[in-house]
Each structure stands twice: as C-alpha cells, then as structure tokens.
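Each chain gets a letter, A, B and so on, in the order the sequences are listed, and its residues count up from 1.
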Amino acid sequence: MQIDPLGNWRRTHYTTQIKPELDGTEVIIFGWIKEIRELGGIRFLIIQDREGNVQVTVPRKKVNKQVLEKSEALQTQYSVGVKGTVKKTTMTPRGVEIIPNEIRIISTAQHPLPLDPTGKTSAEIDVRLDARVLDLSREENIALFKIEHATLNALREFLTEKGFIEIHTPRIIATATEGGAALFPVNYFEQQAYLAQSPQLYKEQLTLSFEKVFEIGPFFRAEESHTKRHLSEFISIDIEQAFVNEEDVMHLLEELIFHVCQTVKEKCEKELTVLKHQVEVPKLPFKRFTYDEILKELAKEDVEVQWGEDIPTPAYRALGKLHPYFYFITHWPAKAKPFYIKLRDNNPALTEGFDLMWHWTEIASGGTRVHDKEVLVRRLQEQGLNPESFKYHLKVFDYGIPPHAGWAVGFERLVMMLTGVENIREVVLFPRDRSRLTP
RNA sequence: GCCUUGGUAGUAUAGUCCGGUCUAGUAUAAGCGGCUGUCGCCCGCUGGACCCGGGUUCAAAUCCCGGCCAAGGCGCCA
C-alpha cells in the first residue's frame with residue numbers, strides 16, 4: 001500500500017463544521033474511515049475526526065480516476081485526508097455530503113482489528129483496555145474525555161475564583177503520610193521511598209503560607225481492591241483552607257459540585273447526548289446526616305453496624321437506595337477517622353470529619369484538622385502511629401500553623417457521576433489496578 | 001487476600017447441566033463477487049475458534065483434578 005504524504009494539505013474544517021451553507025465550497029478534512037458502504041455504482045465513506053463524522057460520497061462514474069482508485073483501496077480505520085466539494089443534499093441526516101476531488105491515504109490499519117471498528121459488537125472491558133487507544137477513538141469515549149476536560153476546567157475555574165492557589169506536592173515521599181492505605185515502595189537512590197497516597201500533610205502545612213490551596217493530581221494506593229470504584233492510581237482533587245472549619249469547607253464543596261454539574265450540563269450537551277446521559281444539577285444545600293442518624297436508618301433496614309466502625313459496603317448500598325442524591329455524613333466517631341481530623345470540642349468521641357456521598361458511593365471526605373501539636377501527637381499515638389515518623393510534619397506546628405479544614409474529592413468518581421459510567425476504569429485513559437499495569 | 005462466575009474464530013455469543021449427527025451454530029468484523037442513495041444498507045460465496053496440562057471414558061468443547069487468565073462481589077480503601 002502506497003502511503004500518501006500529508007504534503008501541504010491542512011484541515012480547513014472539522015467534520016462537524018461541514019454545513020449545508022458551505023454548498024459548493026472546496027474543503028479539506030482529515031480523519032479515520034469508520035464505515036464503508038459499497039452499493040456498486042456508489043460508495044459511501046464515513047469519515048470520523050475528534051469532533052464527529054461526515055459522509056463522503058463517491059459516485060463511480062462521476063469522480064476522477066485518482067479518487068476511484070483510492071476509495072477502492074480504503075479499509076476501516078485508515079487515516080485519510082479528503083479534498084472535496086461540499087454538497088447540500090436531502091439524502092443524508094446532516095443535509096450535507098462531500099464529493100471528493102482527491103483522497104490521500106495517510107496511514108493504514110492492520111485487520112483484523114482487536115475491536116469491531118463499527119462498534120456493532122461491543123467488547124468486554126479487559127479487551128478494550130488492551131486495545132485502549134483504539135477503544136478511545138470511539139465517539140462515546142471521545143465524548144467522555146471531553147466531559148472530563150470540561151470538569152477539570154470547571155474545578156480550576158471555581159477554586160481559582162474562590163481565591164485558592166494551585167499547588168503541587170511531592171509524589172515521592174519518605175514515610176507513610178497518614179497511615180491507612182498501603183503504599184507502593186520506590187527505590188530512591190540509596191533510600192527507601194514511597195509513592196504518595198495523598199497530599200494531606202503537605203497541603204495542611206501550606207495553609208501556613210498560602211492559606212487557601214488546591215491540588216489536582218494522581219495518587220497511589222497499593223490496595224488489593226478489585227471493584228468498579230477503586231484504582232491503584234487515581235486523581236484526587238484536594239483543597240485546604242486556613243481559619244475555617246468543617247462547616248465552611250462543606251459549604252464550599254457543595255457549591256463546587258453544583259458549579260461543576262451546572263457547567264457540564266451547559267457546556268457538554270452534545271457529549272452527554274452521545275453518552276445518553278443527563279446531568280442533574282443538585283439542589284443546595286445538600287442534606288446532612290450524622291453518623292448516629294445513619295446508623296439508626298440502617299438499623300431500620302435491618303443492617304447492623306457496630307458504633308465506631310466504618311460503614312461496610314453493603315450498608316452503603318442500602319443507604320444509596322434511601323438517599324439517591326448527594327448527602328453529607330457528619331459527626332463520625334474518632335476511631336473511624338484519621339489522626340489529623342479534629343475531635344469535637346463538646347464530645348471528643350466524635351470528630352469534625354465528614355464524607356460526601358452520592359447514592360452509595362463516597363465522592364469526598366474531609367473535615368476540620370487538628371492544629372494543636374500536642375493533640376496531634378496524642379492522636380497519632382492513639383492510632384498506633386509513631387510521632388517520630390512524622391517529625392518533619394510536627395515541626396511545622398511550631399511555626400504558627402493556623403486552624404484549617406479541607407477535603408479531597410475522588411475525581412474519577414465525580415466523573416462517573418457526571419457521565420453515568422459504572423466502571424471507574426472507563427473514565428481513566430490508561431487505568432492501573434491490582435492486575436493491570438499495561439498499556 | 002477471600003468468595004462467586006466464567007474462559008469457544010479479531011470481537012460478541014450458542015452449545016457444557018444430561019459426553020456421541022459438533023464435520024462446533026449465529027452475529028459482527030475480514031476477503032472475494034454483485035448492486036447508483038446507503039446511513040446497523042442488502043444479497044451470495046470464502047477463510048477463521050473449543051485457555052494450558054493431566055485424568056476418566058470406546059468416545060471430552062462438554063465430566064474430574066491442577067494451573068494460568070478475566071469479570072464481579074467482599075475485605076482493605078477513596
């Protein structure tokens with residue numbers, strides 16, 4: 001197969017910009033052959049680019065020899081450039097087609113492809129992830145990741161508007177930041193290091209200088225999880241703010257969720273249609289339930305949870321049926337929250353920590369933090385952690401650390417909510433989980 | 001890590017319970033041919049598969065054992 005050079009051809013229009021008003025105009029489009037419908041005397045080519053697709057019509061007896069030969073050599077997934085004349089027509093759904101004057105085959109594809117290029121036969125997630133780049137070229141996936149892009153923009157726009165400064169904390173760390181989740185070890189020259197599980201301690205420290213900070217970035221958990229909502233590498237949206245408490249950051253969080261839902265609903269109408277999904281803009285304020293209230297509700301559903309323990313997944317599923325929307329769970333017991341979460345002044349058995357739930361999935365978690373060094377040391381010990389391992393963190397508390405609060409949102413889980421996708425691996429370009437390290 | 005289910009052409013599936021006309025069916029993708037208005041085009045033809053190893057049996061895709069792989073659930077965790 002002779003490959004044509006790109007040469008001096010440059011795209012004049014995306015496929016979606018080909019409109020009936022351009023009737024008679026010569027255009028150059030680039031894209032991939034998604035379908036070929038051959039009717040003998042006439043051949044229809046569906047060319048897809050990242051914006052959509054358009055039909056190129058090749059009437060055998062009316063086109064030149066070059067076009068005829070090239071169109072006969074085409075196979076699905078070939079990358080092509082088409083220079084042609086836009087023709088207004090009533091015979092396509094879009095009301096336009098392109099009659100080619102010249103076709104360049106820029107890149108070929110080896111058949112059989114690992115996935116059905118037309119998408120008529122859908123493949124399983126494992127097969128799709130093995131051929132991920134090809135999978136990502138499906139219009140559903142392009143739509144999905146455009147929504148992710150819009151979500152990220154909306155997040156940054158909102159937090160920046162609220163006066164937060166974007167930061168980047170280290171991914172390579174010396175010790176476990178907060179206990180809890182397992183870490184991936186890394187060889188750091190002659191030292192043992194780990195991949196960060198969260199920016200928690202760093203972002204808290206930075207409230208001393210920048211007061212209001214946020215970070216959007218990947219973190220790593222070496223957990224054995226095998227579920228539709230866990231990854232070994234995931235994106236966390238973290239904020240931390242000085243001189244505020246739990247209530248303030250919960251308010252900020254619900255406003256952020258509202259803003260993101262509204263923005264995506266407005267700006268991604270086309271993408272949501274492709275995904276056959278609707279974003280519901282939630283009503284403010286979100287409902288708030290205390291841990292005790294949740295336990296009582298669960299008891300009514302015959303789901304018993306030992307007071308002080310975390311809520312097990314089946315119990316969350318039951319909760320999701322009772323509350324199919326966003327809601328906060330507050331007043332968590334001290335035992336169920338990490339050492340840096342502040343205990344309530346009037347009842348030290350409870351914390352000023354909260355979770356944001358969407359149906360049965362935990363979307364975010366946060367709270368007021370401990371900013372008293374002595375309390376922090378005591379809390380570390382109570383949770384079986386060695387204060388010596390946290391000496392660099394604790395030192396910062398001698399420099400005038402302000403009272404502060406913050407939260408972290410699981411970005412992929414937020415995107416799942418926005419797109420209606422049920423497997424977290426679908427919303428990650430190249431997901432990492434317990435058994436997947438490639439591609 | 002534990003539990004459950006599964007592994008059949010490139011993809012998705014039927015067949016597996018109850019072993020034998022299974023020479024393994026179908027759809028889609030691919031190749032060839034036909035067709036001038038398709039839009040999941042249509043029609044005809046062609047090629048393409050039982051995860052690996054062992055066992056039981058006259059006979060194994062099918063039953064048994066071991067392994068590998070996957071999906072999902074649980075725990076962990078966000």
Peer 1: Which part of the nucleic acid, if any, lies within contact of A:F234, taking any heavy atom under 4.0 Å across all strands shown: a base, the sugar-phosphate backbone alone, or nothing?
Peer 2: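 Base contact.
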Peer 1: For the pair made of CG in A:D130 and P in B:A70, what is the distance, rounded to whole Å?
Peer 2: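 Answer to the nearest Å: 9 Å.
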Peer 1: What's the gap between B:G75 and B:A14 when it is taken at their P atoms, as a whole Å value?
Peer 2: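 So the two P atoms sit 31 Å from each other.
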Peer 1: Please list every donor-acceptor pair under 3.5 Å in which a side-chain atom of residues 356-363 of chain A meets a protein atom from a residue at least two apart or in another chain.
Peer 2:
residue: A:H359; atom: NE2; partner: A:P324; partner atom: O; Å: 3.3

Peer 1: Taking atom C1' in both B:G53 and B:U11, compute the distance separating them and give it to the nearest angstrom.
Peer 2: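 Per the computed distance, 27 Å lies between those C1' atoms.
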Peer 1: Using a 3.5 Å distance criterion without hydrogens, assess whether the side chain of A:T227 forms a donor-acceptor pair with backbone atoms of A:R229.
Peer 2: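 Checking the backbone N and O of A:R229 against the side chain of A:T227, a donor-acceptor pair under 3.5 Å is found.
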Peer 1: For B:G48 versus B:C43, give the span between their P atoms, rounded off to a whole number of Å.
Peer 2: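 Nearest-Å result for B:G48 against B:C43 at atom P: 23 Å.
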Peer 1: Counting distance only, does the side-chain N/O of A:R171 pair as donor-acceptor with the main-chain N or O of A:P218 below 3.5 Å?
Peer 2: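 Yes; judged by distance alone, with no hydrogens or angles, the pair exists.
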Peer 1: Rounded to whole Å, please give me the gap between CD in A:E309 and C1' in B:C76.
Peer 2: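 To the nearest whole Å, that distance equals 13 Å.
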Peer 1: Would you mind reading off the distance between A:D135 atom CG and B:U11 atom C1', rounded to a whole angstrom?
Peer 2: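 Taking atom C1' of B:U11 as the reference, CG of A:D135 is at 12 Å.
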Peer 1: Pick the P atom in B:U46 and in B:U36, then give their distance to the nearest Å.
Peer 2: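 Nearest-Å result for B:U46 against B:U36 at atom P: 24 Å.
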Peer 1: Here's a test of your reading of the structure: between A:I46 and A:S365, which maps to the more 5' nucleotide of RNA chain B?
Peer 2: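 Nearer the 5' end of the strand: A:I46.
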Peer 1: Starting at OG of A:S236, measure out to CZ of A:R221 and round the result to the nearest 0.5 Å.
Peer 2: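 One gets 7.5 Å once the value is rounded to the nearest 0.5 Å.
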Peer 1: Take the angle between the ring planes of A:H323 and A:Y327 and call it parallel below 30°, perpendicular above 60°, tilted in between.
Peer 2: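 Tilted: the ring planes of A:H323 and A:Y327 meet at 30° to 60°.
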Peer 1: Can you tell me if A:N101 and A:E26 form a side-chain donor-acceptor pair at under 3.5 Å?
Peer 2: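 A donor-acceptor contact under 3.5 Å links the two side chains.
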Peer 1: For B:C35 and B:G15, measure between their C1' atoms and round to the nearest Å.
Peer 2: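 It comes out at 36 Å once rounded to the nearest Å.
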Peer 1: Taking only N/O atoms, report every protein-nucleotides 35-37 of chain B pair under 3.5 Å with atom names and distance.
Peer 2:
residue: B:C35; atom: N3; partner: A:E38; partner atom: O; Å: 3.3
residue: B:C35; atom: N3; partner: A:G40; partner atom: N; Å: 3.4
residue: B:C35; atom: N4; partner: A:E38; partner atom: O; Å: 3.2
residue: B:C35; atom: N4; partner: A:G40; partner atom: N; Å: 3.3
residue: B:U36; atom: OP2; partner: A:G41; partner atom: N; Å: 2.7
residue: B:G37; atom: N1; partner: A:E97; partner atom: OE1; Å: 3.2
residue: B:G37; atom: N1; partner: A:E97; partner atom: OE2; Å: 3.2
residue: B:G37; atom: N2; partner: A:E97; partner atom: OE1; Å: 2.6

Peer 1: Take the protein atom CD of A:E124 and the nucleotide atom P of B:G10, then report the distance between them rounded to whole Å.
Peer 2: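 So the two atoms are 15 Å apart, to the nearest Å.
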Peer 1: Output all residues satisfying ring pair (Phe, Tyr, Trp, His ring centres under 6.0 Å) with A:H259, sequence neighbours left out; order by chain, then residue number.
Peer 2: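 For A:H259, the residues satisfying ring pair (Phe, Tyr, Trp, His ring centres under 6.0 Å) (neighbours in sequence not counted) are A:F158.
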Peer 1: Atom pairs, N/O to N/O, protein against nucleotides 72-74 of chain B, distance under 3.5 Å?
Peer 2:
residue: B:G72; atom: OP1; partner: A:N423; partner atom: ND2; Å: 2.6
residue: B:G72; atom: OP2; partner: A:R425; partner atom: NH2; Å: 2.2
residue: B:G72; atom: N7; partner: A:H226; partner atom: ND1; Å: 3.2
residue: B:G73; atom: OP2; partner: A:K228; partner atom: N; Å: 3.2
residue: B:G73; atom: N7; partner: A:H226; partner atom: O; Å: 3.3
residue: B:C74; atom: OP1; partner: A:R317; partner atom: NE; Å: 3.0
residue: B:C74; atom: OP1; partner: A:R317; partner atom: NH2; Å: 3.4

Peer 1: If the P atom of B:U62 is compared with that of B:U23, how far apart are they to the nearest Å?
Peer 2: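 It comes out at 14 Å once rounded to the nearest Å.
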Peer 1: Listing time: all N or O pairs from protein to nucleotides 28-32 of chain B that are below 3.5 Å?
Peer 2:
residue: B:U28; atom: O2'; partner: A:D116; partner atom: OD2; Å: 2.5
residue: B:U28; atom: O2'; partner: A:T121; partner atom: OG1; Å: 3.2
residue: B:A29; atom: OP1; partner: A:K120; partner atom: NZ; Å: 2.6
residue: B:A30; atom: OP1; partner: A:T76; partner atom: OG1; Å: 3.3
residue: B:G31; atom: OP1; partner: A:Q75; partner atom: NE2; Å: 2.7

Peer 1: Taking only residues two or more places apart in sequence, or in another chain, which ones meet A:R11 in a side-chain hydrogen bond (donor to acceptor under 3.5 Å, both in side chains)?
Peer 2: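 Testing A:R11 for side-chain hydrogen bond (donor to acceptor under 3.5 Å, both in side chains), a comparison that skips the adjacent residues, returns none.
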Peer 1: Any chance the side chains of A:E97 and A:T57 put a donor and an acceptor closer than 3.5 Å?
Peer 2: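 The criterion, which ignores hydrogens and geometry beyond distance, is satisfied for A:T57 and A:E97.
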Peer 1: Could you tell me if the side chain of A:V370 sits less than 4.5 Å from the side chain of A:F339, heavy atoms only?
Peer 2: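 The answer is no, as the side chains (C-beta and beyond) never meet within the 4.5 Å cut-off.
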Peer 1: For B:U5 versus B:C64, give the span between their P atoms, rounded off to a whole number of Å.
Peer 2: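 Here B:U5 and B:C64 have their P atoms 12 Å from each other.
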Peer 1: Do the side chains of A:F411 and A:V427 get nearer than 4.5 Å, heavy atoms only?
Peer 2: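 A side-chain contact under 4.5 Å is absent here.
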Peer 1: In whole Å, I'd like the distance from the OH atom of A:Y316 to the C1' atom of B:G75.
Peer 2: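 Computing the A:Y316:OH to B:G75:C1' distance gives 14 Å.
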Peer 1: Atom CG of A:D126 to atom P of B:C69: distance rounded to whole Å?
Peer 2: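 From A:D126 CG to B:C69 P: 12 Å.
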Peer 1: Please give the distance between the C1' atoms of B:C22 and B:U16 as a whole number of Å.
Peer 2: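 Looking at atom C1' only, B:C22 and B:U16 are 12 Å apart.
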Peer 1: Quick check against the 3.5 Å criterion: does A:R436 have a side-chain atom that pairs as donor or acceptor with the backbone of A:D126?
Peer 2: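 At least one qualifying donor-acceptor pair exists.
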